[in-house]
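Notes for the one structure printed next.
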Amino acid sequence: MDLRSLERADGQPWPNVNLTAESKQAFSISQFPPELLGAVLQFSVPKTDPMGFVWGHRDTSAYMAAVHDLRLVSSLWRDIIDGTPSFWILVSSGWSRKAIATAVARSGTRPLIIQLSPGRIPNERGDTASTKEFLEAVDPHRHRWTAAMVALPVEAFLEFFDTPIPRLDTLRLSLTDDSGRIEPLDTAIPNSAFFELLSKLQEVHLNRLPLPWDAVLGAFRSLRTLILTTIRAHGITSEHIAQAISNNPSLESLTMI
């Protein structure tokens, strides 16, 4: 359909608009109000999808690189991005200490997506944060965590879940050790806080975890997505799966590898 053939409500003809170089300048994206420009620019950075990310730092590093590339376009874009908390809701242990501190500060009171992966990728300045430094930076903001992608050694597993994470609804959790040689982590359920956390989670990916599955899968109540990997090695049975399906009426996706 030729839109020019449509009649205006007042019966008058549509104006013939030809944009000159000067008028095109008036339509520059940088002329948008700061709040609108910030929202538009966010379409230019990778989507922060915790369930779609890989375990390593590649995705989170690509996200931060895209944010910084946009900041280099102009001082206006830089100021708008720096002042828009939603650009800074992702925080990764693979970043420099300064980048971690900057993201936490600029995110304001927004929900946070936390990525803690084993090993570090040393940058040319050698200032990549250690796991301890990363946790020291993000632990005071646990009340803001809504998603966590975490790979932990066995000895750190208990400590990580000692403190409540009240708003967490997405969890990707893996052990960094050779869990095929690890006894079931019955002691990894230290108190009711862990079960309370499980009951609120909506998106879950558990990888290489020799957990007491009767208790763990029985605790889920709000699942929409559940991914279980290397399940044969850790004693997950069809009865466990049936229990999870029965207890979670909102479950939309179940993947077992």
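This is a predicted model, so every value here is computed, not measured.
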(message) The test is side-chain contact (heavy atoms from CB on, under 4.5 Å); show your working for Phe220 and Leu251 and say whether it passes.
(response) CA-CA 10 Å; Phe220 291 123; Leu251 186 64; over 6 Å; no
(message) Quick one, Thr170 with Glu203, criterion side-chain hydrogen bond (donor to acceptor under 3.5 Å, both in side chains). Give me CA distance, side-chain angles, the key distance, then yes/no.
(response) CA-CA 5 Å; Thr170 300; Glu203 313 283 338; 5.7 Å; no
(message) Could you walk me through whether Leu112 and Val138 satisfy the side-chain contact (heavy atoms from CB on, under 4.5 Å) test, starting with their C-alpha distance in whole Å, then the side-chain angles of each, then the deciding distance to 0.1 Å, before giving a yes or no?
(response) CA-CA 9 Å; Leu112 290 177; Val138 298; 5.7 Å; no
(request) Kindly determine whether Asp139 and Thr163 satisfy side-chain contact (heavy atoms from CB on, under 4.5 Å), including the steps that lead there. (result) CA-CA 9 Å; Asp139 260 351; Thr163 306; over 6 Å; no
(request) Using the side-chain contact (heavy atoms from CB on, under 4.5 Å) rule, take Met256 and Ile236 through it: C-alpha gap first, then chi angles, then the decisive distance, then the call. (result) CA-CA 10 Å; Met256 297 175 289; Ile236 299 178; 5.8 Å; no
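From Leu226, atom CG reaches atom CG of Leu217 across 7.0 Å, with rounding to the nearest 0.5 Å. The distance from atom CG of Leu171 to atom OG1 of Thr146, rounded to the nearest 0.5 Å, is 12.0 Å. Summarising the geometry, atom CG belonging to Leu223 is positioned 10.5 Å from atom OG belonging to Ser253; distances are rounded to the nearest 0.5 Å. Here Ile241 contributes atom CD1 and Leu254 contributes atom CG; the two are 5.5 Å apart, rounded to the nearest 0.5 Å. To the nearest 0.5 Å, atoms CD1 (Ile80) and OG (Ser74) are separated by 7.5 Å. We find the CH2-CG distance between Trp213 and Leu206 to be 5.0 Å, quoted to the nearest 0.5 Å.
Trp95 is listed as a side-chain neighbour of Leu90, based on a closest heavy-atom distance under 4.5 Å. His205 places a side-chain heavy atom less than 4.5 Å from the side chain of Thr229. Between His240 and Asp214 there is a side-chain heavy-atom pair separated by less than 4.5 Å. Two residues are said to be in side-chain contact when any heavy atoms from C-beta on lie closer than 4.5 Å; Arg167 and His143 fail this criterion. The shortest side-chain heavy-atom distance between Arg106 and Asp82 falls under the 4.5 Å cut-off. You'll find the side chain of Arg144 reaches within 4.5 Å of the side chain of Val104, heavy atoms only. Using a 4.5 Å heavy-atom cutoff, the side chains of Leu173 and Phe160 are not in contact. The side-chain heavy atoms of Val67 and Trp88, taken from C-beta on, include a pair separated by under 4.5 Å.
Heavy-atom minimum distance, Pro140 versus Leu135: CD-O, 4.3 Å. Between Thr84 and Gly38 the shortest heavy-atom distance is OG1-CA, 4.4 Å. Listed here is the closest heavy atom pair of Pro46 and Ala62: CG-O, 4.3 Å. In terms of heavy atoms, Pro50 sits closest to Ala147 at CG-CB, 3.6 Å. Closest approach of Thr60 and Ser92 over heavy atoms only: OG1-OG, 3.3 Å. When every heavy atom of Leu70 is checked against every heavy atom of Leu41, the shortest pair comes out as CD1-O, 3.7 Å.
Annotation for Arg224: atom CZ does not count as buried by contact number, only 12 or fewer foreign heavy atoms lying within 6.0 Å.
Here the side chain of Ser199 pairs no donor or acceptor atom with the backbone of Ala219 at under 3.5 angstrom. In this structure, Asn248 contributes its side chain and Arg221 its backbone to a donor-acceptor pair below 3.5 Å. Between the side chain of Arg97 and the backbone N or O of Glu133 there is no donor-acceptor pair closer than 3.5 Å. Thr102 places a side-chain N or O within donor-acceptor distance of the main-chain N or O of Lys98, the cut-off being under 3.5 Å. Although no hydrogens or angles enter the test, the distance criterion places no donor-acceptor pair under 3.5 Å between the side chain of Ser107 and the main chain of Arg110.
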